[in-house]
Chemist: 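Starting off with a structure, shown below.
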Amino acid sequence: MYNVRKIKENLYWVGANDRNLANFERIIPIPRGVSYNSYILLDEKNVLFDTMDASAGDLFFENIAHVLNGKPLDYLVVHHVEPDHASNIHRVMEAYPEAVLVCTAKASQMIKQFFGNGFESRMMAVKEGDTLLLGKHNLTFVLAPMVHWPEVMVSYETTEKILFSADAFGTFGALYGPMFADEMNFDRDWLDDARRYYTNIVGKYGTQVQMLLNKAAGLEISLLCPLHGPMWRENLGYFIDKYQKWSTYTPESEGVLIVYASMYGHTENMAEIFASKINEAGVKELAVYNLSHTDCSYMIADAFKYSRILLVAPTYNNGLNPLMENFLHELAARFIQKRTFAIAENGTWMPASGKIMRSIVEEMKNCTVLEPTFTIKSALHPEQLSDMDTFINQFIHN
Ligand SMILES: Cc1cc2nc3c(=O)[nH]c(=O)nc-3n(C[C@H](O)[C@H](O)[C@H](O)COP(=O)(O)O)c2cc1C
Ligand SMILES: [Fe+2]
Ligand SMILES: [Fe+2]
């Protein structure tokens with residue numbers, strides 16, 4: 001049965017929650033699920049903003065039919081062609097033969113790639129600043145290329161000052177009743193997943209997000225409607241400030257992130273002792289992750305949060321532990337900048353992991369990589385503790 005939510009007069013959420021998908025994009029774990037937000041705005045012309053992931057099935061069509069209640073669907077606005085929002089484009093166009101599909105020229109090309117040329121004659125390509133009059137409401141289209149696909153645009157409704165922001169300002173986490181961020185403790189319950197969503201999905205495109213934020217800065221926004229997670233009608237500055245930080249690679253905290261790998265626990269023991277000593281040296285905000293246990297999306301998120309990152313890994317077949325190697329490549333792929341790295345290695349016959357970690361992080365922009373590498377052979381011993389203190393002192397005061 002339909003499950004729709006009234007967001008405000010004439011604006012309805014017709015989306016769906018997904019608590020079945022284990023990994024978003026079949027890569028990133030989403031233990032709290034995800035929502036796919038789709039909206040209908042009713043006016044003289046009725047508009048559907050984006051479609052839905054295939055998993056929503058018939059529910060999406062029941063939702064649309066319930067809100068339209070026999071009225072025609074005049075426009076389908078497609079902000080983004082990634083299949084989590086675009087899987088049902090062809091079905092909507094078939095079910096509503098009078099509907100015109102509004103999207104960027106790039107999006108129309110992608111839609112043809114996914115669905116063929118079947119409804120080419122019903123596509124309307126829009127450019128930056130184009131408008132669409134709906135009656136009392138009026139849409140202006142704003143292009144947001146590479147946030148995080150090339151065809152992306154957002155729509156601004158000028159009468160009620162609503163920004164339909166596509167994936168920007170989205171988050172992992174299914175909706176659980178409340179629809180607005182101001183009805184939730186966002187900072188406590190959602191921010192970590194919002195950061196994990198941003199950094200893993202969009203994190204590489206900080207420059208392009210900055211361009212979108214600069215355009216949005218010129219708009220008065222009373223309601224923000226993203227494609228995932230809660231809607232925003234209060235305190236938007238809080239979330240925009242997070243986006244400012246993330247997209248400029250500015251740390252939120254002067255704390256320390258420790259990421260380690262260990263096959264048999266000796267490198268892990270060194271990482272644990274590092275955490276204790278760094279805390280004893282006065283650092284209160286710390287996060288420690290074991291790469292063998294936690295998905296690296298959590299560490300990528302915390303690498304964007306903290307200013308200092310300590311990498312701790314053993315040598316493996318004369319190379320670097322592969323989990324650490326993968327993590328560092330994932331981090332480098334997000335163009336992380338402005339961090340201080342420290343490196344600690346282990347090796348039983350010829351430690352080599354430190355050199356490899358260093359070579360990867362040294363390529364990162366505006367980062368400091370501390371010298372020297374802290375090295376243990378097989379296990380940490382008490383006579384190394386004073387060297388460790390010196391190393392930590394340099395790290396946390398850099
Ligand atoms: C499969 C495997 C390959 C390893 N390759 C190397 C190596 O090439 N050079 C080296 O110095 N140590 C090597 N080691 C030893 C580790 O770097 C490390 O000293 C040892 O595993 C103890 O640390 P851990 O308890 O954290 O795993 C290897 C260990 C394993 C299990
Ligand atoms: Fe997307
Ligand atoms: Fe999305």
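Read the numbers this way: they start at 1 and go in the same order the structure lists the ligands and their atoms.
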Chemist: Starting from atom 18 (C) of ligand 1, find the nearest protein heavy-atom neighbour and note its residue, name and distance.
Modeler: T348 OG1, 3.6 Å

Chemist: Looking only at protein heavy atoms, which one is nearest to atom 8 (O) of ligand 1, and how far off is it?
Modeler: N318 N, 2.4 Å

Chemist: A cation-pi test, strictly: NZ or CZ of R32 under 6.0 Å from the centre of the six-membered ring of F172 and no more than 45 degrees from its axis. Yes or no?
Modeler: no

Chemist: Would you mind checking which non-hydrogen protein atom is closest to atom 21 (O) of ligand 1, with the distance to 0.1 Å?
Modeler: M263 CE, 3.7 Å

Chemist: Can you tell me if E220 has over 12 outside heavy atoms packed within less than 6.0 Å of its CD?
Modeler: no

Chemist: Is the number of heavy atoms from other residues, nucleotides or ligands under 6.0 Å of M211 CE greater than 12?
Modeler: no

Chemist: Just which atoms of ligand 1 are under 4.0 Å from any heavy atom in G347?
Modeler: 10 (C), 11 (O), 12 (N), 17 (O), 19 (O)

Chemist: How close does the nearest protein non-hydrogen atom get to atom 1 (C) of ligand 1, and which residue and atom is it?
Modeler: Y316 CE1, 3.5 Å

Chemist: Of N37, D18, D167, which is the lone residue that meets side-chain hydrogen bond (donor to acceptor under 3.5 Å, both in side chains) with H228?
Modeler: D167

Chemist: Taking distance alone, with N or O pairs closer than 3.5 Å, would you say G265 contacts ligand 1?
Modeler: yes

Chemist: Are more than 12 heavy atoms, taken from residues, nucleotides or ligands other than Y264, located less than 6.0 Å from that residue's OH atom?
Modeler: no

Chemist: At less than 4.0 angstrom from any non-hydrogen atom of T267, what atoms of ligand 1 do you find?
Modeler: 23 (O), 24 (P), 26 (O)

Chemist: Below 2.8 Å, which protein N, O or S atoms neighbour the Fe ion (ligand 3), ignoring water?
Modeler: D84 OD2, H85 NE2, D167 OD1, H228 NE2

Chemist: Taking distance alone, with no angle check, do M350 and ligand 1 share an N/O pair under 3.5 Å?
Modeler: yes

Chemist: Counting distance only, does the side-chain N/O of N321 pair as donor-acceptor with the main-chain N or O of L323 below 3.5 Å?
Modeler: yes

Chemist: Counting heavy atoms not belonging to K45, are there more than 12 under 6.0 Å from its NZ?
Modeler: no

Chemist: Can you tell me if K71 has over 12 outside heavy atoms packed within less than 6.0 Å of its NZ?
Modeler: yes

Chemist: Looking at atom 6 (C) of ligand 1, what's its closest protein heavy atom, distance included?
Modeler: W349 CH2, 3.2 Å

Chemist: Under 3.5 Å, is there a donor-acceptor pair linking the side chains of E345 and T375?
Modeler: yes

Chemist: When you measure from atom 25 (O) of ligand 1 to every protein heavy atom, which one gives the shortest distance, and what is it?
Modeler: H266 ND1, 2.6 Å

Chemist: Only heavy atoms of P351, strictly under 4.0 Å: list the atoms of ligand 1 that pass.
Modeler: 11 (O)

Chemist: Just by distance, no angles: are the side chains of R358 and T373 close enough, under 3.5 Å, to form a donor-acceptor pair?
Modeler: yes

Chemist: Is it the case that more than 12 heavy atoms not belonging to K106 sit under 6.0 Å from its NZ atom?
Modeler: no

Chemist: Any idea which of N346, T315, N317 brings a heavy atom closest to atom 13 (C) of ligand 1?
Modeler: T315

Chemist: Check the side chains of E82 and H148 for a donor-acceptor pair under 3.5 angstrom, ignoring hydrogens and angles.
Modeler: yes

Chemist: Just need the protein heavy atom nearest to atom 27 (O) of ligand 1, so name the residue and atom and give the distance.
Modeler: Y264 N, 2.7 Å

